[in-house]
Structures are given as C-alpha cells and as structure tokens.
Visitor: 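I have a structure I would like to understand better, so I am pasting it below and will then ask my questions one at a time.
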Amino acid sequence: MEVVAACGQYSISIPVASYKPSSSSLPCHLPATRRTLIFTAVASYLQQLTPIPSAIAQQQFDETQQEEDRVVRLFEETSPSVVFIKDLEIINNPKTSDEVVTVDNEKAKVEGTGSGFIWDKFGHIVTNYHVVEKLATDQLGKQICKVFLVDKYGNSLSRDGKIVGVDPSSDLAVLKVDIEGIEVKPVDIGSARKLNVGQNCYAIGNPYGYENTLTTGVVSGLGREILSPNGGAIRGAIQTDAAINSGNSGGPLLDSHGHVIGVNTATFTRKGSGMSSGVNFAIPIDTVVKTVPYLIVYGTAYRDRF
C-alpha cells in the first residue's frame, strides 16, 4: 500500500509496507502503526524540502544581479559615444536672467542644450536639426555651438561644432568637431526593422543639462508619425516610455545590445483632468543611415538634390 503525502505543490508516494522507521525517529516501545509511519515519512520529506525556497530566492537574486550588471556595462560602453551640445548666442549686454558663459573672451547666452552621438572616427556628430536650428539659420554670425565629449580614454573635451549638413524634413543634422590628436569612439549602429513592441530600450542623453543620464523603458509602439521642424511628417517613428526630456533630443535610443536603434527627438505632453503624461518618440536608425551619408558629402538629403 502507498500513502500520498502533500505539501503545497509537492507530493510524494510513500510505500508504507516497506518503510522502516529508525530508532531515532520512533521510541522502541511505540507500536509501528500506520499513523506513525505516515507522520514520520511526511516529517522526513518536509526536512528535504526546506532548502528549496532559499535556493529559488538565490537564483532570482542572481538573475536580477546579472541583469543589472548588463545594463551597467551597456551604459559604460556606450556613454563615451554620446555628446552634450550647447547652443550659444554671442551677446554684448546679457540680462540678469540669462545663463551666461565666456567663449573666446566673449560673453554668450545659453539658448538651449541637446545631445548627439559620434558617428565616425572623423569627428562627425549626429543630432536633431531642431537642436542646432539657430546655428544652421544664423546670418549674423552670432550663433555658436559647443560640443562636450570624451575621448576613447575618458578624457573630457570641449570643441566647436560646425554645421556639415541638415535635413529639417527628418529632423536630422550633422556637426563636425576637430578631433586632431585624439581618438573617439563611434556608436554601434543597429536596425529598427526587426523591433517588437515590448522590447527593452535605453536612452542616453543630457536632460535639462544633466550630463550622461540613462533612462530605461520599452518599445511602446512602432510606425508612428510625428511632425518635423518644417511641418512635414516623419514616418516610422519609434514610440517609447523611456523618459526623454529637454536636452535628450539628438541622443541615441539603444537596444539591449547597446546598438543604436533610433535618435531621440520628441516628447508630446497632453494635459487633462489635472494630470499630464508624456509620449516619447525616436527617429528610426534606418532613416538616419540613409540620410547622414548625404548630409556629410552634400550637406543636404538625397531628395533635396533633385
């Protein structure tokens, strides 16, 4: 005969006839009744189960630690490829409310900040057009752009950013900085074609001027349409819930392998019932890959050359 002992999700069949209690578990004067056999067998089995919950907890802890370590490595390996961009205007009489810096012995007002990333080893920087729009349209020679970056060895640098090419229709621009004598680390380019809603994604940038900020989220939607700076439509945009704030624009959106899948570009906020929520978007990297080479060589996008 077998007796089934159960504990939560575990059960065990105990062949009572073959079970022989040890002298330590039963007093010698106690008759080996069926009830005693069942009780002793269950107690022995529960003792064997005791380490299992702690083993599961340890496994969960290890998996969490591995995931955290992976994200830390992703940030450490990718952040040297992300730059901080300051949009400045040379002024003679700054107001007390202006954020003023000194550039080449002249006073300059900080008009905005943004992000970008190193495209290649020649010092080309990809960012949003709207981040450098004032520099691109400046006709008085008063707009300047400062790019803050690090070299391959982690040394902080500041360089003047020069416009190479712009495409307002896709909200993309390319800057060039002088990297003579230094070595920079370009980003790893990925693809947005095989993205799925629910995938993890990561944004690195400089929200509100706070440099080297990492935010995390998921791909919330694909194939979105957003407005470009010239009023047209940018199609195929990636929607994400990773926080993208002022200063994140132009920075990279990354997949779990640290590959760039988009350029963070816009946050739309809707207010109602006393609450506000932001919906964040990025230009797919496939659009960037098609556009940037033309901006570097010709200064305009392919469509603008014909």
Visitor: For Ile125, which of Val174, Val132, Leu175 qualifies under side-chain contact (heavy atoms from CB on, under 4.5 Å)?
Guide: Leu175
Visitor: Using a 4.5 Å cut-off on heavy atoms from C-beta on, say whether the side chain of Asp151 contacts that of Glu183.
Guide: no
Visitor: Are Ser79 and Asn212 close enough that a side-chain donor and a side-chain acceptor fall under 3.5 Å?
Guide: no
Visitor: For Ala301, does its backbone N or O pair with a side-chain atom of Asp167 as donor and acceptor, under 3.5 Å?
Guide: no
Visitor: Is there a donor-acceptor pair closer than 3.5 Å between any side-chain N or O of Asn200 and the backbone N or O of Val218?
Guide: no
Visitor: Check for a donor-acceptor pair, side chain of Ser156 on one end and backbone N or O of Val150 on the other, with a separation under 3.5 Å.
Guide: no
Visitor: Closest heavy-atom contact between Pro252 and Asn264?
Guide: O-ND2, 3.1 Å
Visitor: For Lys134 and Glu89: C-alpha separation, side-chain torsions, deciding distance, then whether salt bridge (charged side-chain N to carboxylate O under 4.0 Å, His left out) applies.
Guide: CA-CA 9 Å; Lys134 290 184 177 180; Glu89 180 185 0; 6.0 Å; no
Visitor: Specify the closest pair of heavy atoms between Ala203 and Ala243, including all atoms of both residues, with the distance to one decimal.
Guide: CB-O, 4.5 Å
Visitor: Identify the two heavy atoms, one from Ser228 and one from Ala233, that lie closest to each other, and give their separation to 0.1 Å.
Guide: OG-N, 4.3 Å
Visitor: Below 4.5 Å, heavy atoms only, C-beta onward: do Leu172 and Val166 meet side chain to side chain?
Guide: no
Visitor: Can you check whether Ile204 reaches Thr213 side chain to side chain, under 4.5 Å on heavy atoms?
Guide: no
Visitor: Looking at CZ of Phe122 and NZ of Lys176, how far apart are the two atoms once the value is rounded to the nearest 0.5 Å?
Guide: 9.0 Å
Visitor: For the residue pair Ser115 and Asn206, confirm or rule out a side-chain donor-acceptor distance under 3.5 Å.
Guide: yes
Visitor: About how many Å separate CD of Gln199 and CD1 of Ile238, when rounded to the nearest 0.5 Å?
Guide: 9.5 Å
Visitor: Could you tell me whether the side chain of Arg159 and the main chain of Val177 form a donor-acceptor pair under 3.5 Å?
Guide: no
Visitor: Could you go through Thr78 and Tyr202, starting from their C-alpha distance and side-chain angles, then the distance that decides it, and tell me whether this counts as side chain to side chain contact (heavy atoms under 4.5 Å, CB included)?
Guide: CA-CA 11 Å; Thr78 309; Tyr202 309 86; over 6 Å; no
Visitor: Tell me whether Val82 shares a hydrophobic cluster with Val260, the cluster being built from Ile, Leu, Val, Met, Phe, Trp, Tyr side chains joined at under 4.5 Å.
Guide: yes
Visitor: For the residue pair Gly221 and Val197, what are the closest heavy atoms and their distance?
Guide: CA-CG2, 4.0 Å
Visitor: Which is it for Lys185 and Ile118 under the side chain to side chain contact (heavy atoms under 4.5 Å, CB included) test, yes or no, and what are the steps along the way?
Guide: CA-CA 7 Å; Lys185 182 181 180 183; Ile118 301 171; 5.7 Å; no
Visitor: Which value, rounded to the nearest 0.5 Å, describes the distance between Asp188 atom CG and Glu77 atom CD?
Guide: 9.0 Å
Visitor: Are the side chains of Val288 and Trp119 in touch, meaning some heavy atoms are under 4.5 Å apart?
Guide: yes
Visitor: Does the side chain of Asp171 come under 3.5 Å of the side chain of Thr265 through a donor N or O and an acceptor N or O?
Guide: yes
Visitor: Carefully, step by step, assess Lys86 and Cys145 under the rule side chain to side chain contact (heavy atoms under 4.5 Å, CB included).
Guide: CA-CA 6 Å; Lys86 277 190 178 182; Cys145 174; over 6 Å; no
Visitor: Do you reckon Tyr210 sits in the same ILVMFWY cluster as Phe84, going by side-chain contacts under 4.5 Å, direct or chained?
Guide: no
Visitor: When you compare the side chain of Lys107 with that of Ile90, does any pair of heavy atoms fall below 4.5 Å?
Guide: no
Visitor: Phe148, Phe75: one ILVMFWY side-chain cluster at the under-4.5 Å cut-off?
Guide: no
Visitor: Looking at Arg193, I want to see if its CZ is surrounded by more than 12 non-hydrogen atoms of other residues, nucleotides or ligands under 6.0 Å.
Guide: no
Visitor: Is there a donor-acceptor contact under 3.5 Å linking the side chains of Asp87 and Thr113?
Guide: no
Visitor: Hydrophobic cluster membership, with links at side-chain heavy-atom distances under 4.5 Å among I/L/V/M/F/W/Y: are Ile179 and Ile85 in one?
Guide: yes
Visitor: I'd like to know if Ile189 and Val219 are part of one continuous hydrophobic network [Ile/Leu/Val/Met/Phe/Trp/Tyr, side-chain heavy atoms within less than 4.5 Å].
Guide: no
Visitor: Take Tyr208 and Asn245 through the test side chain to side chain contact (heavy atoms under 4.5 Å, CB included) and record every step on the way to the result.
Guide: CA-CA 7 Å; Tyr208 304 110; Asn245 297 295; 3.5 Å; yes
Visitor: Would you say Asn128's side chain and His130's backbone share a donor-acceptor pair under 3.5 angstrom?
Guide: no
Visitor: Whether the side chain of Asp160 engages the backbone of Lys146 through a donor-acceptor N/O pair (distance < 3.5 Å, no angle test) should be reported.
Guide: no
Visitor: Inspect the contact between Glu68 and Arg70 and indicate whether a charged nitrogen and a carboxylate oxygen are less than 4.0 angstrom apart.
Guide: no
Visitor: Looking only at non-hydrogen atoms, find the nearest pair between Pro284 and Gly236 and report the distance.
Guide: CG-O, 3.2 Å
Visitor: Return the SG to CD1 distance between Cys201 and Ile261, rounded to the nearest 0.5 Å.
Guide: 5.5 Å
Visitor: Looking at Gly123 and Asp120, what are the two nearest heavy atoms and their distance?
Guide: N-OD1, 3.4 Å
Visitor: Nearest 0.5 Å, please: how far is CD in Gln143 from CD in Glu133?
Guide: 10.5 Å
Visitor: First locate atom CG of Leu135, then atom OH of Tyr129, and finally report the distance between them rounded to the nearest 0.5 Å.
Guide: 10.0 Å
